[in-house]
Structures are given as structure tokens and as C-alpha cells.
S.K.: 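Sharing a structure below in C-alpha cells format, with a few things to ask.
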Amino acid sequence: MFSDILTDMEKRTRSDVEQDTRVIKIKPAVDIYENEDSIVLLAEMPNVDKKDLKVQVKDGMLYIGGSRKQEAADGQYLIRETMDAVYERIFELEDDLDPEKISASYDKGILRVTLGKKEQVKPRTIEIK
Amino acid sequence: MLERYVPDLALDSLNEIREFRNRMNRLFGDFFTREVSGRGEEFPAVDLLEEKDKYVLTMEIPGVSKEDVNLSVQDGMLIIKGERKRTELPEGARWLRNEMFSGQFSRSIILPGQVDTEKISAEYRDGILRIEMAKKEEAKPKEIEIQVK
């Protein structure tokens, strides 16, 4: 499963949205910032049910994904600019991150992933006696 | 002026106006329109669904606070304005990537039929703003029974 996604990675970097025969994939926009002891990633993934979100770390890669809610329309679309699609994006993790220290939350259509740094890379202030 | 509900005509002019606006935006650029994922679509993306007795407009605005959205209906047009604030950077932190849009946005949607301005409700969930607008009585489809002799 995971290696399939990896093979697609190269292709996906050329265009943010690509359509294969089965499903439309959207590469969510992200904001990432670094703290002293963690890296925080925020990804724009509106219209996803929390249970359909996926955050996975494997082989030094962070995978984030989710499928958009599909509502059965009881009527006729006069404007349709959104699409049924899945979000998907993969990041390479740096060695200084601890794969055990990952937490995620979802609010206002934004996925938030906090990746903790390994103990030894945290800057330590050494007291001078 | 007579107000009549003519769906086909309304839809045609709606598309025409949108196409015109898209063209103008392409020509001159527009502060509230950005290219989303290189697809050249308007921002924020909307869906407008016509149901039997109401219109349902949904707009994708992830990360926006409810207080920063303003809705109004005027002259058969629904106007949604708002602001997406930039992600706050905690003290001592530094950006590694900053791809999300921030700033003001606005979209005007021409409503194809009359809506009852007293019966408009809106909610915001999972980054989606959902506005329900009840149709005015005269805009509702009428069922006419025809007696077959």
C-alpha cells in the first residue's frame, strides 16, 4: 500500500491535482513551523469526517490523507466547483524527529500534526558554574 | 419590474456573468481571487444546490473563524465576505513552509430565484460554510394536477 503511494510521489509534485482513472487527488496546502521541541504541520483539508482522516509515519515518511465527505444531493447543482476527491500528501521526515511523539487533531477543516523532536536534538542550555 | 422564476434563463446569465468575471480576473488579476492548485478556479470554491424549497450554498473556507465571515443578500445576490487570518507563529518558532492563503476573500453569487431573506441560516463545520436559503413561495415549483379525460 505505502510503496504504491511512494511511486506516485514524483508524478504528483508536477501538478497539485491529478486525475487518475479512479479518484481525484488533491495535494493539500500546508503551513509548517518549527519549535524548540517540535515541528507543527497544518494542512488544509476541508470537508472530511474525522474518522476518514489518516496520519501515518512509516520508513521515515509522514503520510497525511483523507477522503472528502460525499453528500447525496437532494436536488440539482446550479454551481459545482468542488469535487469528490481524496487529499494526499507525503513528507520526508528528518532524523531528529521521534516517530513515537506524534499527535494530530482536526479543527475547522485544518489537520494539525505535531511531531516531537528526539531528546538529544533539543537545544540544552548548560549552566555555567 | 416583474419577477419571474425562469430557471434556464437565470442559469445562462449566471454562467455568462461568471465567465465574464473569470475573464476580467484573468486580465486584471483580482485580490480576492487566486489560482487554486493551478486550476485557475475562483476562490473560495462554492457549490450551489437547488432543492425543492430551498437553495443550499456551500463554500470551502478552512481555517476561518466564524466571526470573520459576513453574509448579505441584496438584489438577488448573495454576498459572502471574510478574512482568513495567517497562521499564528508561536514565539520562538520559525516557518518551514507557508503555503496557505491568508487575506480577504469575497464572492458574489447570483441567486437564480427569489429567496425569503427572513429564512436564511448558516453554519460552519469542518471548514465548510453552509448557507440555507428558503425559496419564496412564488419561486417554489408548483404542481399542477391535470385531469386526464
Side-chain angles (χ1 to χ4, degrees), chain A residues 12 14-19 24-53 66 68-85 87 89 91 94 106-112 114-115 123, chain B residues 7 10-11 14-15 18 34-39 41-66 84 86-102 107 109-113 124-130 141:
Chain A
R12 211 171 313 113
R14 285 189 209 123
S15 146
D16 284 353
V17 178
E18 68 159 285
Q19 186 166 12
I24 298 164
K25 287 175 189 167
I26 297 173
K27 191 168 118 182
V30 295
D31 277 0
I32 306 173
Y33 60 81
E34 184 177 10
N35 267 327
E36 195 178 294
D37 53 5
S38 67
I39 283 178
V40 178
L41 178 145
L42 301 141
E44 262 184 15
M45 294 161 75
N47 210 21
V48 180
D49 219 312
K50 224 188 231 174
K51 65 172 169 52
D52 296 325
L53 282 167
R68 291 170 57 90
K69 279 182 241 172
Q70 288 184 28
E71 279 168 74
D74 181 24
Q76 188 200 351
Y77 278 107
L78 304 181
I79 303 173
R80 184 91 157 107
E81 294 174 356
T82 67
M83 49 197 166
D84 294 330
Y87 297 105
R89 196 158 173 182
F91 300 88
E94 306 206 1
Y106 185 65
D107 181 43
K108 292 191 284 197
I110 306 277
L111 172 72
R112 182 192 185 93
T114 306
L115 305 134
Chain B
L11 202 60
L14 187 87
N15 286 334
R18 281 186 60 210
R34 67 152 185 178
E35 298 222 330
V36 177
S37 312
R39 282 177 288 144
E41 286 174 1
E42 285 190 74
F43 174 81
V46 299
D47 286 346
L48 179 61
L49 182 69
E50 179 176 6
E51 294 183 10
K52 203 176 163 199
D53 51 6
K54 62 175 184 271
Y55 297 103
V56 181
L57 185 113
T58 45
M59 182 186 237
E60 275 192 10
I61 40 171
V64 173
S65 298
K66 266 190 274 189
R84 164 81 184 271
R86 194 167 191 238
T87 304
E88 241 174 84
L89 191 67
E91 220 183 295
R94 66 178 184 107
W95 286 116
L96 298 180
R97 267 186 221 200
N98 203 189
E99 299 172 353
M100 288 191 197
F101 162 86
S102 63
R107 284 214 53 185
I109 314 292
I110 295 157
L111 298 169
Y124 181 66
R125 214 178 134 194
D126 294 339
I128 304 287
L129 176 70
R130 181 188 169 93

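These numbers come from a predicted model, not from an experiment. To find a chain, count down the sequence lines: A is the first, B the second, and so on, and within it residues start at 1.
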S.K.: What part of A:Val48 gets closer than 4.5 Å to chain B, counting heavy atoms only: side chain, backbone, both or neither?
M.R.: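 Contact with chain B: backbone only.
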
S.K.: In terms of heavy-atom proximity below 4.5 Å to chain B, should A:Lys69 be classed as side chain, backbone, both, or neither?
M.R.: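 Looking at A:Lys69, just its side chain touches chain B.
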
S.K.: Would B:Asn98 and A:Asp31 count as having a side-chain donor-acceptor pair, cut-off 3.5 Å?
M.R.: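 Short answer, yes.
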
S.K.: Closest heavy-atom contact between A:Asn35 and B:Ala93?
M.R.: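 Here A:Asn35 and B:Ala93 meet closest at OD1-CB, 3.3 Å.
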
S.K.: Pick from B:Ile109, B:Leu49, B:Ile110: which one makes a side-chain contact (heavy atoms from CB on, under 4.5 Å) with A:Ile79?
M.R.: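 Exactly one pass, corresponding to B:Ile109.
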
S.K.: Taking B:Gly127, B:Gly92, B:Ser65 one by one, which has the highest count of heavy-atom pairs under 4.5 Å against chain A?
M.R.: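 Of the options given, most contacts go to B:Gly127.
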
S.K.: Taking all atoms of both residues into account, what is the closest heavy-atom pair of B:Pro112 and A:Leu78, and its distance?
M.R.: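 B:Pro112 and A:Leu78 have their closest heavy atoms at CG-CD1, 3.1 Å.
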
S.K.: Using a cut-off of under 4.5 Å on heavy-atom pairs, state which of A:Leu42, A:Asn47, A:Asp107 scores highest against chain B.
M.R.: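 Of A:Leu42, A:Asn47, A:Asp107, A:Asn47 has the most heavy-atom pairs under 4.5 Å with chain B.
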
S.K.: Check this for me: does any side-chain nitrogen of one of A:Glu36 and B:Arg94 sit under 4.0 Å from a carboxylate oxygen of the other?
M.R.: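 Salt bridge flag = no for B:Arg94 with A:Glu36.
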
S.K.: Please state whether the side chain, the backbone, both or neither of A:Ile39 comes within less than 4.5 Å of a heavy atom of chain B.
M.R.: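 Just the side chain, heavy atoms under 4.5 Å.
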
S.K.: How many angstroms lie between atom CH2 of B:Trp95 and atom CD of A:Glu34, to the nearest 0.5 angstrom?
M.R.: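 Reported to 0.5 Å precision, the distance equals 13.0 Å.
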
S.K.: Quick check: do A:Ile110 and B:Met100 have side-chain heavy atoms less than 4.5 Å from each other?
M.R.: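 They are in contact (side-chain heavy atoms under 4.5 Å apart), so the answer is yes.
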
S.K.: Rounded to the nearest 0.5 Å, what separation is found between the CE atom of A:Met45 and the CD atom of B:Glu60?
M.R.: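 A:Met45 atom CE to B:Glu60 atom CD measures 12.0 Å (nearest 0.5 Å).
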
S.K.: Run the numbers on A:Tyr77 and B:Asp47 for side chain to side chain contact (heavy atoms under 4.5 Å, CB included), then give the verdict.
M.R.: CA-CA 7 Å; A:Tyr77 278 107; B:Asp47 286 346; 3.9 Å; yes

S.K.: On a heavy-atom basis, which atom in B:Val64 and which in A:Lys108 lie closest, and how many Å separate them?
M.R.: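 Nearest heavy atoms, B:Val64 then A:Lys108: O-CD, 3.3 Å.
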
S.K.: Please name the pair of heavy atoms, one in A:Phe91 and one in B:Arg97, separated by the smallest distance, quoted to 0.1 Å.
M.R.: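 Reported closest heavy-atom pair: CE2-NH1, 3.9 Å.
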
S.K.: What part of B:Arg130 lies closer than 4.5 angstrom to a heavy atom of chain A: side chain, backbone, both or neither?
M.R.: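 For B:Arg130, side-chain heavy atoms alone lie under 4.5 Å from chain A.
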
S.K.: Would you call A:Arg89 and B:Glu99 a salt bridge, taking side-chain N to carboxylate O under 4.0 Å as the test?
M.R.: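 Judged by the 4.0 Å cut-off on N to carboxylate O distance, A:Arg89 and B:Glu99 do form a salt bridge.
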
S.K.: Heavy-atom cut-off 4.5 Å, strictly under: side chain, backbone, both or neither for A:Arg68 against chain B?
M.R.: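 Contact with chain B involves the side chain of A:Arg68 alone.
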
S.K.: Any salt bridge between B:Arg107 and A:Glu81, counting N to O under 4.0 Å?
M.R.: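 Between A:Glu81 and B:Arg107 there is a salt bridge, with a charged N closer than 4.0 Å to a carboxylate O.
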
